[in-house]
Amino acid sequence: MAEYVAPAAVEIVADQAKEYASPYLRYFFRYGEIVKDFKNQREALELKKERVKIRVDEAERQNELIHKDVDNWLTSAEKELKETQNLKDEIDRVTCFTWCPKWGWRYSLSKKLAEKTPIISKLLETSNFPQVGYRRPLQGIEFITSTDFMDSESSKSAFNQIMEAINAKGVNMIGLHGMPGVGKTTLAKEVGKHAREQKLFDKVVMFTMSQNPNIRTIQDKVAEMFGLNFHTNTEEGRAEELFRSMRRVNKILVIVDDLWEEFKMESIGIPFGDDHEGCKILLTTRRQQVCTKMNCKEIQLGILSEDEAWVLFRDKAGLENDCSTLNDVAKEVAAQCKGLPLAIVVVAKALKGKSLNEWRDANQRFKDSTHLYDEEVLGGVLEPLKLSYDYLKKGINQMAGNHIQMCFLLCSLFPEDEEIDIEILITCGIGVGLFPYVSLIEDKRKKIVEALKKLQESGLLLETYDADTISIHDVIRDFAHWLTKTGENRFMVKDTLEEWPHMDESYTAIALWNYSSIIKKFPDKMEFSKLKTLFLEGERKRKRDDFLVVSGTFFEEMKALQVLLLQRVSFSLEGFPSLPNLKTLCCHDCMLKNFSSSLTNMRSLEILALIDTEIDEISEELVKLSALKYLRLSGDEYEREMNIPPNLVSRLTSLQELHVIPKNNLNLLELNSLSRLTALSLRLSTNQIPLEDFVLPKLQRYAIEVGECYDMFGGAFIRIGKAFIRTLNIQDFSSSLSAFNNLLCNVEALSLRNVGGQKNIVPSMDEMGLNELTSLQLESCNDMEFLIDAKNDQGSTVAFSNLVELDIKSMVSFKGLCYGLSPTRLLQNLKQVFIKDCEELQVIFQIDKLSERMKFQTPLLSNLTILRLHSLPILKRIWEVKPSHRAIASLQSLKVVSIEYCHNLKTIFSPFLALRMSHLQELDIRYCYGLEQVIGFGQEDEIIENDSPLCWWSKLRILHIEVCPNLKYVCANTWTQGLQSLESVYIRDCSQLIQVFNMEQNKHGHDIVLPELGSQNHCWTKLKTLRIVDCQRLKYVFANTLSQGFPLLESVYLENCPQQVFSSTKERDVIGDHILLNVPFLKDLVVSNCPQISCFIVQAQLIEELDLSNVGNSRQLCNTDVPVLNEGCIVVGNHEEVFQVQGGYSFSRIKKLTLRNLLEVRVIWNDFAQVVTLENLTTLILNDCTKLRYIFSPMMACSLSHLVHLAIVRCEEIERLILAKDQVSSSSSNGDTSLQPMSFPNLTEIVVINCKNLNSLFPFGFVSVLSKLETLIVIGNSKLEQVFELEDEVEVVAEEEMKFDKLKWLTLQELPGLIHFFPKGYHSVFPAMIELEVRDCPKLTTGFIIDSEDFVHCKTKLVEQDAIEESTSVRDAIFNENIYWRTRRRSKSHYKKEWMILGYFQSHVTSVGGAMLPGCF
């Protein structure tokens, strides 16, 4: 009964207590209620979590992204369920209570449950998610699967240019162009992949345009990437929706692949430019013209190099990297692809897994061009090329398209890998009837040049360095041959003809190049009824007499022939058949016999070009060519005068172009009869110039030379071709130039050399002002004072309005460009100015003489890009500008400035001109002894009042200044942020130079460091080379430079100059008293003879050359402690330790190390941690490091496999070069080095001089590994006892022999303590010894022996009493005596080597107290 009453009583008491007692009592009396509430809530959470997890799993299967709050809720729910599981288990363990419950346990559990229940309730309240996920934004499958990128030089360059353009302000569209198959799409994908991985953009989208783009499909793809669902159906409405959606995203990269023509991105709905500055567009196209029309930043992608092509080919063909026969054949096949990635990949994949015979068969088919019939091999290449070919007809009429295609096919007739002469191509094109609706040759030329440009823009032709030539890639040439293997135009092309090919009469064009002499007989006759074009070339030999001999009958059955091009061919025109349709005959390096006899058989001939071709004469028969429009007689190699019958040229009335390049007897006045003449090239003597003018009203182009003319670049002046313009070159002429009056009015390029009697050009030579002239070259015209004399002109002179290039040399009387008011157009359009050796010139651009009333739309000098001035001894100013004219002059386009030997020049730029030089790239100033400032502060009444940057030269790459002894400032007041493109700084012999960049003086004359501009860093992000020499007053090179300010710096060379190179106001850049520089790419660091320099610390793990000489010896800082850093570093100064080593393979790339006159250095590197490996060190030179104790640890010495030169001079405290094993700290990890034996397999020269405490050079074990040692010089080391020391004493029972096979020079001098050269009991041979000198070595027990063959032996006595065995082949051994011996076996190479060694050590080792170094010095 009691057991039922007790719980009831407890419950009654609990109910009463809850109203009056503390809330804590509820943990006792409401236990059951708390447990029930907890279990219900927890069970509900379990069920809810399962339902949410099911929804999340389903969303993930649908490729959705889970909302972050859902993810967080699930994590919290799982955490709470896990944490409360123990509480649930504890409840379940006790299912009933006894009469006396455990009150302490109940209180604790109840309290825990009460605390957890609200947390679970809160999770339940927040568990109602309308959606658990959302559609994942597409990343673009192109970027996920982009794995074919070939990291070539061309692709890396293009990739870097694209990334630079992407990051540049103001660039919103970038055009990547290149020939088909070069890898544009692959590179574009790589750019997109990189941009996405580096999170450069919020969105990256790529789509393909193709020739006939489907706008709706493109819109759908872009919208899908942005998660947009269209609500309209029209293209315009969808474009507007997409436009608005994309504008809401801050940074977007849009890649438009395979664009064929200009396209408005707005029609798709892509915002850019002013509509969305954060949207960048990268487009790829095979047509450069597309980039130009769309105002792109143009970037070209080139082909692969030979090595890169082989790597790609090998990879795609699945070949091993070995020297197998299969690889040899494969390399030949790869070479046929000529670096075109598409061709490489297609061919390699087609041949992958094939047998050696199949590879050989494919290789032969390539050589025979029969691969063109195998579309399995080249099908993937031909298809994209056919698209480009067919596209040539798009957008123009059918006829013009056909002619452009024929122009392309004509290019394929020329030899493989040859630059095609455009003029020859034009003559052939006219001959086959290109553009027949145009009558004049000049107009046909323009059409063909336009066609070539279109082909080039389409990627089917390639640019060359010469404007007069063009080329075609071999794969594209093969494609053209594939096109012409069938159809209306059938071509045959053989690049090297070693046997006569099988041919049928269906060919329309045949090109046979390099016809081999092994073909004994050339056919007498061939029947080609459809042949229109024939190119025939004899074997390419140096001997001029080796011509291909062709009979005239060979051409009899070629009645349809229109173009005949012959090279290195000899034939007679006697009996030459009638070729009624022949339009073009071009003979290059040929021999024509009976030239005039059969001209009547070529009555339709319109073009006759004889280039370097021998003919018997030019006769009256030429008149019979009544249709002749183009006559070219030229030859550079055979300069005999060409005799032209009088009045012959005047009767060639149909002539439109006449080019007579050799010396001739032509009467210039005959040309007046040629009323149709549009182009003329002539070389004339001064005697051929008439007194009266000759008039050619239709002349559009000409190149006329008078005298022995050579241009200023040393080549022949006359050029015929695409670059042929209106050119007049007159040399060594002092008569009247009135005969050229009609030419001067429209001449484009004028060159006068040693032309007398002219004080000016305008008005003396031409009163109209030569306003079509673009290039003017003057040299040694000693009477000329000005280009323009405008002193009598009341208005403004109009002259040289289109002059772009001005080149003036050796003009002793020249005083200036203009006498009087300067013509404004001249100063507006000039781009390049080069003036040299003009002794009277004081000012170049006199802007102060302009009319005050004139207003200009284009600022003066605003197009000037290159200015080069040389040897102008009295030049005072380059530009003379009145303050009132500042607004009308600007150097905004100036890129290159080079000034040399202008001793009277004090400044280069005025401040206001310097302010606008935003495109300056190169500044080169040399030997200007009077120069004080580059920018002339204080020279004019010009003050910049505000604190904005004065000079913002953001594109300056190269600064080079030499021998300007009075120069004080380079770019004072120039902010470092304004020089962010600087790559190279070279300053030498500027003894008064105070500062280079970024310093000012306050009103008291003290230097101050300029503050930073806001948050911008003073960072020299592109600087690679810094070289400062002999600038003794220089205090700072860079001020306010951050430790991270030189991320690309590769080379630093400081000699005899600055007190402080770098300074910083940032605490993080200063370690103790030292500036800290992090230069991760630094390779070369040379600091020499800078005793006042403030020491600095360099972090440079890639260092390859380090040279520290007399650095910081005069500074008190040399004794300050250098803090230990977390990374290896170099201390540039005079401290105890040079390298501070911290983990990794520190400084393992170093190749050359030179330390001179560092009086405090005790340790080069502390290698007890075994982190220094010197496997690349080749040269080590130590001079006057008087406190240095040792050089290498044993572990370090084990890595010196490439050491070649070792020189140690006046290092007085050195005891050993390599620490003995017992000297290595027991705490170090060096331990047993026997597993890594020391070896010096490449050590060639050793010099050790005046190291007074040195007692041995090398442990004896090194002798066996000094296999290349040639020179050993040991002098003045007073404590040296052994050259080679036996580390572990081993008793030598029998004499052991060791050889020094390469040792040629051995010198031992002033070594009073030397006892052994080798340890006792060793006998060595020096078979290559040339010179031996031993002097002042009184204790030496090693004897030297010369045998009968002049070989040197040496041996050390086993005991003092040992006698030398007598031998008939060995002379007496010599001990304790001075020796000087030279071999009698010396050769010229020995003398040469001796002088090489002399030069090497004289340049790297200082003098030795006046002592000679025998055998070397």
Side-chain angles (χ1 to χ4, degrees), residues 800 802-808 816-818 822-835 841 843-850 854-870 872 875-900 902 905-925 928 931 933-937 939-944 948-961 969-975 978-982 997:
F800 300 111
N802 288 294
L803 189 64
V804 174
E805 300 176 8
L806 176 61
D807 191 335
I808 302 175
L817 302 182
C818 184
S822 300
T824 58
R825 294 288 298 277
L826 166 63
L827 298 182
Q828 286 174 329
N829 293 321
L830 264 179
K831 290 185 178 180
Q832 299 180 25
V833 175
F834 180 27
I835 304 178
L841 187 62
V843 179
I844 297 175
F845 302 107
Q846 292 181 298
I847 301 175
D848 60 326
K849 291 186 178 180
L850 289 165
M854 298 194 66
K855 304 293 182 182
F856 308 106
Q857 185 175 0
T858 303
L860 304 177
L861 303 174
S862 59
N863 282 307
L864 186 65
T865 58
I866 299 175
L867 175 66
R868 301 186 188 277
L869 307 177
H870 194 293
L872 307 177
L875 182 70
K876 293 181 178 180
R877 294 192 179 189
I878 300 173
W879 4 71
E880 194 166 78
V881 187
K882 282 186 176 181
S884 58
H885 288 127
R886 293 176 190 168
I888 62 171
S890 171
L891 299 178
Q892 63 191 33
S893 300
L894 190 61
K895 294 181 179 180
V896 178
V897 176
S898 176
I899 301 174
E900 297 184 47
C902 297
L905 197 64
K906 294 186 181 296
T907 65
I908 307 294
F909 308 108
S910 64
F912 89 91
L913 286 176
L915 179 61
R916 301 186 183 186
M917 290 163 48
S918 57
H919 288 84
L920 186 66
Q921 295 179 11
E922 298 180 25
L923 180 59
D924 191 336
I925 306 170
C928 295
L931 187 67
Q933 299 185 49
V934 174
I935 303 172
F937 293 103
Q939 301 298 314
E940 302 170 6
D941 184 21
E942 301 181 24
I943 301 174
I944 305 298
S948 63
L950 178 62
C951 299
W952 193 272
W953 294 348
S954 59
K955 296 185 178 180
L956 183 66
R957 297 186 302 105
I958 298 172
L959 176 65
H960 189 121
I961 302 177
Y969 304 100
V970 176
C971 297
N973 294 56
T974 301
W975 295 94
L979 299 166
Q980 65 235 20
S981 297
L982 199 62
F997 303 115

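Residue numbers count from 1 along this sequence. The model shown is predicted, which means the values in this text are computed figures rather than measured ones. Any value given below was found using the heavy atoms of this structure, including those in side chains, with hydrogens, waters and symmetry copies removed.
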With sequence neighbours excluded, what pairs up with Glu900 under the salt bridge (Lys or Arg N to Asp or Glu O under 4.0 Å) test?
none
Hey, does the side chain of [X] reach the backbone of [Y] with a donor-acceptor pair shorter than 3.5 angstrom?
{"X": "Ser893", "Y": "Leu864", "value": "no"}
{"X": "Thr865", "Y": "Lys831", "value": "yes"}
{"X": "Ser981", "Y": "Ser954", "value": "yes"}

Closest heavy-atom contact between Trp953 and Met917?
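Heavy atoms only, the tightest pair is CD1-O, 3.3 Å.
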Please give me the minimum heavy-atom distance between Ile935 and Ala914, naming the atom from each residue.
CD1-CB, 3.9 Å
Could you work out, with side chain to side chain donor-acceptor pair (under 3.5 Å) as the rule, every residue matching Gln892, not counting sequence neighbours?
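Expected list: Ser890.
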Using side chain to side chain donor-acceptor pair (under 3.5 Å) as the criterion, list what pairs up with Asp924, not counting sequence neighbours.
Arg926
Residues forming a ring pair (Phe, Tyr, Trp, His ring centres under 6.0 Å) with His960, sequence neighbours excluded
Tyr986
Could you walk me through whether Leu860 and Phe845 pass the side-chain contact (heavy atoms from CB on, under 4.5 Å) test, one step at a time?
CA-CA 10 Å; Leu860 304 177; Phe845 302 107; over 6 Å; no
Working to the nearest 0.5 angstrom, can you tell me the gap between [X] [atom1] and [Y] [atom2]?
{"X": "Leu891", "Y": "Leu913", "atom1": "CG", "atom2": "CG", "value": "4.5 Å"}
{"X": "Leu931", "Y": "Ile908", "atom1": "CG", "atom2": "CD1", "value": "4.5 Å"}
{"X": "Ser898", "Y": "Leu867", "atom1": "OG", "atom2": "CG", "value": "8.5 Å"}
{"X": "Lys876", "Y": "Ile844", "atom1": "NZ", "atom2": "CD1", "value": "14.0 Å"}
{"X": "Lys955", "Y": "His919", "atom1": "NZ", "atom2": "NE2", "value": "3.5 Å"}

side-chain contact (heavy atoms from CB on, under 4.5 Å) involving Ile866 - partner list, sequence neighbours excluded:
Gln832, Arg868, Val896
Partners meeting side-chain contact (heavy atoms from CB on, under 4.5 Å) with Val897 (sequence neighbours left out)
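side-chain contact (heavy atoms from CB on, under 4.5 Å) list for Val897, sorted by chain: Leu894, Ile899, Phe909, Leu920, Leu923.
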Does Leu861 reach the side chain of Leu830, with side-chain heavy atoms less than 4.5 Å apart?
no
side-chain contact (heavy atoms from CB on, under 4.5 Å) evaluation trace for Leu806 with Leu817
CA-CA 10 Å; Leu806 176 61; Leu817 302 182; 3.7 Å; yes
With a 4.0 Å cut-off, would you call Arg957 and Glu922 a salt bridge?
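Salt bridge present between Arg957 and Glu922.
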